[in-house]
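Structure first, commentary second.
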Amino acid sequence: LYNHATYLTQIDAWSEAEPLLEESLDLYHGLAGADPLALGRGELLLARCLARGPRRAEARQHFAKAVAQLEASGRADPREL
């Protein structure tokens, strides 16, 4: 799901990627030992999708989650923050 959603964002199909990202993040958050770097990147991509549409207020929440996860990972590229 996540890989396909990433592809959709690369071809500017942001609205189509949004539900796939939401579903993949819901599944991944439920896994024990989920990688915070991967979660942060997923949250960041979802926030970017939401910011392009009518759900901009929700985008801010996902941006905040992304920053928290990326910082927690200790492995994020500084450009991601």
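Here the structure is a predicted model, which means the values were calculated and not measured. All residue numbers refer to positions in the sequence shown, counting from 1.
By the side chain to side chain contact (heavy atoms under 4.5 Å, CB included) test, A64 is found to be paired with no residue, residues two or more places apart in sequence or in another chain being considered. Here S73 pairs with P36, L37, R75, A76 under the side chain to side chain contact (heavy atoms under 4.5 Å, CB included) rule; sequence neighbours left out.
Taking every heavy atom of both residues into account, A17 and C49 meet most closely at CB-SG, 4.1 Å. Nearest heavy atom pair, residue F63 against residue R48, reads CZ-N, 4.1 Å. Heavy atoms only, all atoms of each residue included: Y2 and G42 are closest at CE1-CA, 3.7 Å.
The stretch residues 12-22 participates, sequence neighbours left out, in these salt bridge (charged side-chain N to carboxylate O under 4.0 Å, His left out) pairs: E18-R55, E22-R55.
With hydrogens and angles left out, the side-chain atoms of H29 and Q69 include no donor and acceptor closer than 3.5 Å.
Linking ILVMFWY side-chain heavy atoms closer than 4.5 Å, directly or via other members, places Y28 and L45 in a single hydrophobic cluster. A continuous path of ILVMFWY side-chain contacts below 4.5 Å connects L46 to L39, so both sit in one hydrophobic cluster. Note on L20 and I11: same hydrophobic cluster, where clusters join Ile, Leu, Val, Met, Phe, Trp and Tyr whose side-chain heavy atoms are under 4.5 Å apart, directly or indirectly. At a threshold of 4.5 Å between side-chain heavy atoms, the hydrophobic network of Ile, Leu, Val, Met, Phe, Trp and Tyr places L21 and L31 in one connected group. Tracing side-chain contacts under 4.5 Å through hydrophobic residues (I, L, V, M, F, W, Y), one reaches Y7 starting from L27; they form part of the same cluster.
Taking CG from L1 and CD from E23, the interatomic distance works out to 5.0 Å, rounded to the nearest 0.5 Å. Residue K65 holds its NZ atom at 7.0 Å from CD of Q61, rounded to the nearest 0.5 Å.
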